[in-house]
Amino acid sequence: MNKQESPLLFLIVGRNEPLYSSEFISNQKPTSDSITRQHYFVMHSALDLVDKFAFTYPQMYLKTVDKVNHQMVSVFLTASHVKFMVLHSGKGDDVLKQFFMEVYELYVKLSMNPFYQFDTHITSKDFDDRVRVLGMRYLL
């Protein structure tokens, strides 16, 4: 699988568990279950590094915090320590930062909804559709 065909995984992680996940694939072939599990393992292993970087860097956009083979994990950390994580194969920092900022804006709007309880799974179809549009625009 080359760089252009590799899927991108986006996660929103709360205090204890993932709140939202989305996979962006440039071709329409589904990825195998073992590859998907490997991607989640890489993201999970990067969480310790995110906690370390959170107290080292004052910025919300932590850039690339982990590299495994040809895959990189980039992170955006909100003020409430909700983590936006992208597993990718070498996207530019400006593109990732713009993607994170727009998803952060969507997340803030969602969190202001009186029917959404903070740090619970995000089940909004509208939120999912908008994140997928942003992913297609910036990440693929």
Side-chain angles (χ1 to χ4, degrees):
M1 199 181 307
N2 64 28
K3 276 187 169 185
Q4 279 68 28
E5 292 181 4
S6 66
L8 297 136
L9 181 63
F10 172 66
L11 289 177
I12 296 177
V13 181
R15 292 183 191 140
N16 299 319
E17 61 187 328
L19 306 178
Y20 174 83
S21 70
S22 184
E23 191 171 18
F24 304 105
I25 306 169
S26 58
N27 57 9
Q28 294 302 321
K29 294 188 315 188
T31 57
S32 71
D33 190 43
S34 63
I35 292 175
T36 301
R37 279 185 274 171
Q38 177 188 10
H39 291 167
Y40 278 97
F41 177 77
V42 169
M43 296 288 265
H44 188 272
S45 67
L47 284 173
D48 291 334
L49 294 171
V50 171
D51 290 337
K52 177 183 170 188
F53 277 87
F55 296 107
T56 308
Y57 296 102
Q59 297 88 4
M60 294 176 82
Y61 177 50
L62 302 180
K63 299 186 180 182
T64 300
V65 295
D66 195 11
K67 294 180 183 178
V68 177
N69 296 331
H70 67 283
Q71 299 172 322
M72 296 175 230
V73 177
S74 295
V75 177
F76 181 90
L77 190 64
T78 69
S80 59
H81 288 279
V82 173
K83 301 156 198 77
F84 296 176
M85 304 175 72
V86 172
L87 179 69
H88 60 95
S89 298
K91 293 289 176 186
D93 280 342
D94 293 335
V95 172
L96 287 169
K97 186 174 183 179
Q98 187 65 32
F99 171 75
F100 282 136
M101 292 304 293
E102 291 199 28
V103 172
Y104 181 55
E105 183 179 330
L106 290 174
Y107 180 76
V108 168
K109 288 178 183 177
L110 174 77
S111 64
M112 291 177 11
N113 182 340
F115 298 110
Y116 176 71
Q117 185 177 358
F118 177 73
D119 206 30
T120 58
H121 291 285
I122 298 171
T123 57
S124 169
K125 177 77 171 126
D126 186 51
F127 181 84
D128 181 55
D129 291 343
R130 290 178 185 217
V131 168
R132 289 184 181 280
V133 166
L134 291 174
M136 296 298 178
R137 183 186 314 155
Y138 290 109
L139 301 178
L140 294 183

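Nothing here was measured: the structure is a model prediction, and the numbers come from that model. In this chain, residues are counted from 1 in sequence order.
In terms of heavy atoms, Val73 sits closest to Val75 at CG1-CG2, 4.1 Å. Closest approach of Asp119 to Arg15, counting heavy atoms only: OD1-N, 3.2 Å. Minimum heavy-atom separation, Leu19 to Gly14: CG-N, 3.6 Å. For the residue pair Tyr40 and Ser21, the shortest heavy atom distance occurs at OH-OG, 3.1 Å.
Hydrophobic clustering of Ile, Leu, Val, Met, Phe, Trp and Tyr side chains at less than 4.5 Å, counting indirect connections, keeps Phe10 apart from Phe41. Residues Phe100 and Val95 share a single hydrophobic cluster, defined by chaining ILVMFWY side chains whose heavy atoms lie under 4.5 Å apart. Under a hydrophobic-cluster definition in which Ile, Leu, Val, Met, Phe, Trp and Tyr are linked whenever side-chain heavy atoms come within less than 4.5 Å, directly or via other members, Val131 and Val133 are assigned to different clusters.
Residue Gln71 forms a side chain to side chain donor-acceptor pair (under 3.5 Å) with just one option from Gln38, His88, His39, and that option is His39. Exactly one residue among Leu9, Leu62, Leu47, Leu77 makes a side-chain contact (heavy atoms from CB on, under 4.5 Å) with Met85. That residue is Leu47.
Once rounded to the nearest 0.5 Å, the distance linking CG of Asp66 with CZ of Phe53 reads 8.5 Å. Between the NZ atom of Lys109 and the OG atom of Ser111 there is a distance of 11.5 Å, given to the nearest 0.5 Å. In this structure, Asp126 CG and Leu110 CG are separated by 9.5 Å, a value rounded to the nearest 0.5 Å. Rounded to the nearest 0.5 Å, atoms CD (Gln98) and NZ (Lys91) are 14.5 Å apart. Here the straight-line distance linking atom CG of Leu8 with atom OG of Ser89 works out to 6.5 Å at 0.5 Å rounding.
For Asp51, the side chain to side chain contact (heavy atoms under 4.5 Å, CB included) partners are Lys83, not counting sequence neighbours.
Using a 4.5 Å cut-off on side-chain heavy atoms (C-beta onward), Tyr57 and Val65 make no contact. Looking at heavy atoms from C-beta onward, Arg130 lies out of side-chain contact with Glu102 at the 4.5 angstrom threshold. Put simply, the side chain of Met101 does not reach to within 4.5 Å of the side chain of Met60, judged on heavy atoms. Looking only at side-chain heavy atoms (C-beta outward), Leu96 and Leu139 come within less than 4.5 Å of each other.
In this structure, a donor-acceptor pair under 3.5 Å is absent between the side chains of Tyr116 and Ser124.
Using a 4.0 Å cut-off between a side-chain N of Lys or Arg and a carboxylate O of Asp or Glu, Lys52 and Asp48 do not qualify as a salt bridge.
In this structure, Tyr20 has its ring center no closer than 6.0 Å to that of Tyr107.
Around atom CG of Asn113, more than 12 heavy atoms belonging to other residues, nucleotides or ligands sit under 6.0 Å away. The number of heavy-atom neighbours closer than 6.0 Å to CZ of Phe55, taken from other residues, nucleotides and ligands shown, is 12 or below. Gln117 CD: 12 or fewer foreign heavy atoms inside a 6.0 Å radius.
Ring planes of Phe76 and Tyr104: tilted class, angle from 30 to 60°.
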